[in-house]
Enquirer: 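Sharing a structure, written as C-alpha cells. Questions coming.
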Amino acid sequence: MAIRQLKPETVNRIAAGEVIERPASVVKELVENAIDAGAREVEIVTAGGGLSLIRVTDDGCGMPSDDLLLAVERHATSKLREDDLFDIRTLGFRGEALPSIGSVALLSIASRPPPCRDGFEIIVERGQKSGLKPAALNPGTRVEVRELFSATPARLKFLKSERAENMATSEVVKRLAMAHPEVGFSLTTGERMGVRLPRCEATAEGLLQRLGRIMGREFMADALAIAGERDGVRIAGYAGLPTLHRPDAGQQFLFVNGRPVRDKVLVGAVRAAYGDLIPKGRHPLLALFITLDPTDVDVNVHPTKAEVRFRDGGRVRGLMIGAIQHALEAAGHRASVRGGGLTLETLARSVETGTIPPQPAAHGAAGSADRSAARHITPGLAEAMQAPFVNFETPSADTRAHDVPLAPDLLDRPLGAARAQLHETYIVSQTRNSVVIVDQHAAHERLVYERMKAMLANGGVARQGLLIPAIVEVGDDEAQVLAEREAELAELGLVLEPFGQGAVAVREVPALLGDTDVGGLVKDLAAEILSEGQGFSLRDRLEAICSRMACHGSVRAGRRLAPEEMNALLREMEATPYSGQCNHGRPTYVELKLSDIERLFGRR
C-alpha cells in the first residue's frame with residue numbers, strides 16, 4: 001500500500017486524540033494558557049458537562065491580531081526559549097492545544113492586549129479557520145469551545161455522565177488553583193457555581209488558606225508545614241498529621257515547578273516518609289510543591305504533561321522523605337484535632353436527644369480481647385514494664401488522682417496533669433484550658449514501639465532469657481516460616497528454634513516486653529509473616545514486627561494505674577515523637593478545649 005501524506009485536518013484530529021481526552025482536558029489547557037499569560041482572575045463556565053460549552057475568560061496580557069492568527073496554527077507557541085525543549089518554564093509549550101481543539105469542535109478566541117482599545121476574534125470550526133473580526137471585550141482573552149467532539153462523534157461514547165465530567169473539570173481547576181494561590185478562580189457548571197476561590201497572598205499563609213478552601217478546614221487544623229532544600233531542589237507545602245488519612249489517595253496533590261503531576265517517584269517517597277505511621281491501605285493528606293531547575297526534569301514525557309521524569313530521581317526522593325519526616329518528628333506527640341471535634345459532636349447530640357452515646361469500639365489489634373477480658377484481668381508480672389512504669393505487678397491501691405496534690409507546673413504541660421482513670425482504660429488529664437482523654441493501651445503501645453525501634457537502630461533489642469523454654473504449638477507452616485526467619489527474629493530479641501512437628505521452643509524474649517504472653521506473640525508473628533507471602537523480606541519489615549510485639553508488651557486496657565504512673569505516661573508521651581497515634585494509625589488521645597465544653601453546656 002502506497003504511503004501518503006495525511007491532511008492537516010486529520011493530523012490535528014490525531015493530535016486532539018492525544019491531548020484532548022475529555023472536557024476537563026480542554027479546561028486544563030485553556031486555564032494553563034491563562035496562567036501563563038499572567039492572569040490575576042480566571043473565570044470558567046461550562047454547560048452540558050463541557051460538551052455544549054466551555055468558556056475561559058482571563059485578564060492576562062492578551063494577544064495582538066498577528067499573534068491571534070498564529071495561535072491556532074500547529075506548533076506555534078510563545079513559550080519556548082530558542083526552541084529548547086529542556087528549559088520549560090511555563091505550563092503550556094507544545095502549541096498543539098488550540099488547533100487540536102479547533103479540529104474537533106467550534107472554537108472562538110477573542111483577545112485584547114491591555115494597551116489596545118480594540119480586540120479581535122478568530123473562529124475555527126472543525127478545522128476551518130475564519131478571518132479576524134473586531135470584538136468587544138475587556139483586556140485579556142476569552143476562549144469559547146462549543147459542540148466538543150462534534151467532528152469525532154465516536155469519542156462521545158467513551159465519556160461519562162454530565163455529573164462525572166463536571167467533577168473531573170472541578171478537580172482540574174482545583175489542582176491548578178493550589179499551585180497558583182495568587183490567581184483567583186471561579187468555575188460555573190451549568191447554572192451552579194462549582195468553585196469560587198478568591199486571590200490569596202503569595203505566601204505560606206496564603207497557600208494554606210487556598211489549600212484549606214479546597215481540602216477543608218480539617219486539613220488546615222492538622223497541616224504541618226513542609227520545607228527543605230538540597231542541591232538546587234526545593235520542597236514546600238503542607239502535609240497532614242498521620243492521624244489524618246483516607247482510604248484513597250484523592251487528597252494527595254503533588255506539583256513540580258507549578259505543574260500538577262502524577263509521578264511514581266514522588267508517590268513512593270510519600271509512602272516511605274510516613275512509613276509505619278499510617279495503617280496499611282490508608283493514605284495521608286498533603287499538597288507538596290517541588291521546585292528545581294527546568295533542565296533537571298523532563299515534562300515532555302506525556303502528551304497531557306501529567307507525568308514527569310527527573311534527571312536525578314533519588315535526589316528528589318531523598319529530599320521529600322527527609323523534609324516530611326522532619327516535620328512529623330517535630331510535631332512530637334501532636335494528634336489530630338478531629339478526635340476532639342468528633343467527641344464534642346457526639347456529646348452535643350447526646351445532650352440534645354437525652355441519650356447516652358454508644359461505647360467506643362475496641363482499640364488496637366488486641367482491643368477486643370482486652371475489652372472482653374477487662375473484668376477478669378488480674379494485673380501481674382505479665383504487664384510489668386521498665387521505668388518510669390514500675391511496680392505494675394502490684395495493683396494500685398487508689399486510682400483517684402484528684403486526691404493527690406496537683407503540681408501547678410503540670411497544668412502548663414501539653415498533656416497536663418492526670419486527674420482520673422475511667423473504666424480502667426482512659427486517663428483523664430487537665431491543662432489550664434482543656435481536658436485531655438488518653439487511651440492508655442494505645443499510648444503505651446506507641447511508646448514501647450518507639451523504644452524497640454531505637455534499640456534496633458543501636459544494634460539490636462536486649463533479650464531476657466526464660467528459665468524454662470516456652471513450647472508453642474503453631475502448626476507446620478507457621479513453624480517452618482519461623483525457623484526460616486530464626487536469625488532475623490533473634491535481632492528483634494526473640495530467640496526460638498524448632499521443637500518437633502508444628503511447634504517451636506522460645507528461649508529468649510525482648511526484655512522490654514517483660515513477662516508477656518509468649519504463645520500469643522509467636523502465633524501473631526507467624527501469621528504476620530505468612531500473610532505477606534514467602535517472598536517477604538523480614539528485614540524490610542522489622543518495624544512491622546516490632547509493632548506486633550509492642551502491642552503485646554504495652555499496658556492493657558483494664559489495668560489500674562496509680563497517679564504517678566499516669567503522669568509518667570503523659571510525660572513520656574510528650575517526649576516521644578509520633579506518640580499522638582498508636583501503631584495502627586489511630587489517635588492515642590483527644591483534647592477537648594474548655595471553651596468548647598462551656599459552649600456545649602451553654603456557659604458562653
Side-chain angles (χ1 to χ4, degrees), residues 221-222 241 243 328-341 343-344 347 363 379 383-451 454 554-582 586-601 603-604:
D222 292 332
L241 289 168
T243 46
L328 294 175
E329 185 173 353
H333 68 279
R334 179 179 166 188
S336 170
V337 300
R338 180 171 179 266
T343 303
L344 288 170
L347 290 174
H363 192 97
E383 291 174 320
M385 277 301 303
Q386 294 183 348
F389 310 106
V390 295
N391 300 324
F392 279 172
E393 68 276 8
T394 305
S396 301
D398 190 80
T399 59
R400 292 174 294 175
H402 60 270
D403 287 348
V404 178
L406 179 63
D409 61 302
L410 293 183
L411 294 177
D412 296 319
R413 302 298 294 267
L415 296 180
R419 307 300 290 151
Q421 183 186 26
L422 304 180
H423 297 287
E424 299 176 335
T425 300
Y426 302 102
I427 298 171
V428 179
S429 67
Q430 173 186 345
T431 71
R432 293 196 183 276
N433 57 8
S434 67
V435 174
V436 180
I437 305 174
V438 179
D439 185 325
Q440 67 187 42
H441 171 68
H444 198 216
E445 182 180 355
R446 168 57 69 175
L447 299 180
V448 174
Y449 180 34
E450 292 300 326
R451 290 182 197 165
S554 59
V555 176
R556 298 291 180 173
R559 173 72 177 93
R560 290 184 179 182
L561 302 179
E564 296 79 9
E565 294 169 327
M566 288 187 272
N567 277 309
L569 179 65
L570 298 178
R571 301 292 80 79
E572 187 163 358
M573 287 178 65
E574 292 169 350
T576 302
Y578 319 127
S579 61
Q581 60 274 331
C582 74
R586 292 184 286 272
T588 57
Y589 72 91
V590 296
E591 183 175 8
L592 309 179
K593 294 297 183 182
L594 187 59
S595 57
D596 293 332
I597 298 176
E598 290 175 342
R599 276 193 292 268
L600 178 66
F601 290 99
R603 297 178 66 89
R604 62 162 60 187

Enquirer: Could you tell me the separation between the CD atom of E445 and the CG atom of D439, rounded to the nearest 0.5 Å?
Expert: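 If we round to the nearest 0.5 Å, E445:CD and D439:CG are 9.0 Å apart.
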Enquirer: For residues L570 and A417, report the shortest heavy-atom separation together with the two atoms involved.
Expert: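 Smallest interatomic distance, heavy atoms only, reads CD1-C, 4.3 Å.
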Enquirer: Does any part of the side chain of I437, heavy atoms only, come nearer than 4.5 Å to the side chain of Y589, both counted from C-beta?
Expert: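 The answer is no, as the side chains (C-beta and beyond) never meet within the 4.5 Å cut-off.
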Enquirer: Only pairs under 3.5 Å count here: list side-chain donor-acceptor contacts from residues 575-582, not counting sequence neighbours, and write none if there are none.
Expert:
residue: T576; atom: OG1; partner: E572; partner atom: O; Å: 2.7
residue: S579; atom: OG; partner: M573; partner atom: O; Å: 2.6
residue: S579; atom: OG; partner: T576; partner atom: O; Å: 3.1
residue: Q581; atom: NE2; partner: Y578; partner atom: O; Å: 2.9

Enquirer: What are the two closest non-hydrogen atoms of E424 and Q440, and how far apart are they?
Expert: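 Nearest heavy atoms, E424 then Q440: O-NE2, 3.4 Å.
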Enquirer: Do you know which two heavy atoms are closest between R560 and E565, and how far apart they sit?
Expert: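 Of all heavy-atom pairs spanning R560 and E565, the closest is O-OE1, 4.2 Å.
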Enquirer: Which atoms form the tightest heavy-atom contact between G416 and S429, and what is the distance?
Expert: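 Shortest heavy-atom contact: C-CB, 4.4 Å.
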Enquirer: Check side-chain contact (heavy atoms from CB on, under 4.5 Å) between R571 and all other residues, then give those that pass, not counting sequence neighbours.
Expert: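 Checked R571 against side-chain contact (heavy atoms from CB on, under 4.5 Å); matches are L410, R413, L415, N567, E574.
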Enquirer: With no hydrogens and no angle check, is any side-chain donor or acceptor of T425 less than 3.5 Å from a backbone partner on H423?
Expert: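 Indeed, once roles are kept as given, a pair shorter than 3.5 Å links the two residues.
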Enquirer: For T431, enumerate each residue passing the side-chain hydrogen bond (donor to acceptor under 3.5 Å, both in side chains) test, keeping only those at least two apart in sequence or located in another chain.
Expert: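 Checked T431 against side-chain hydrogen bond (donor to acceptor under 3.5 Å, both in side chains); matches are N433, S434.
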Enquirer: How many angstroms lie between CG in L411 and CZ in R432, if you round to the nearest 0.5 Å?
Expert: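 If we round to the nearest 0.5 Å, L411:CG and R432:CZ are 5.0 Å apart.
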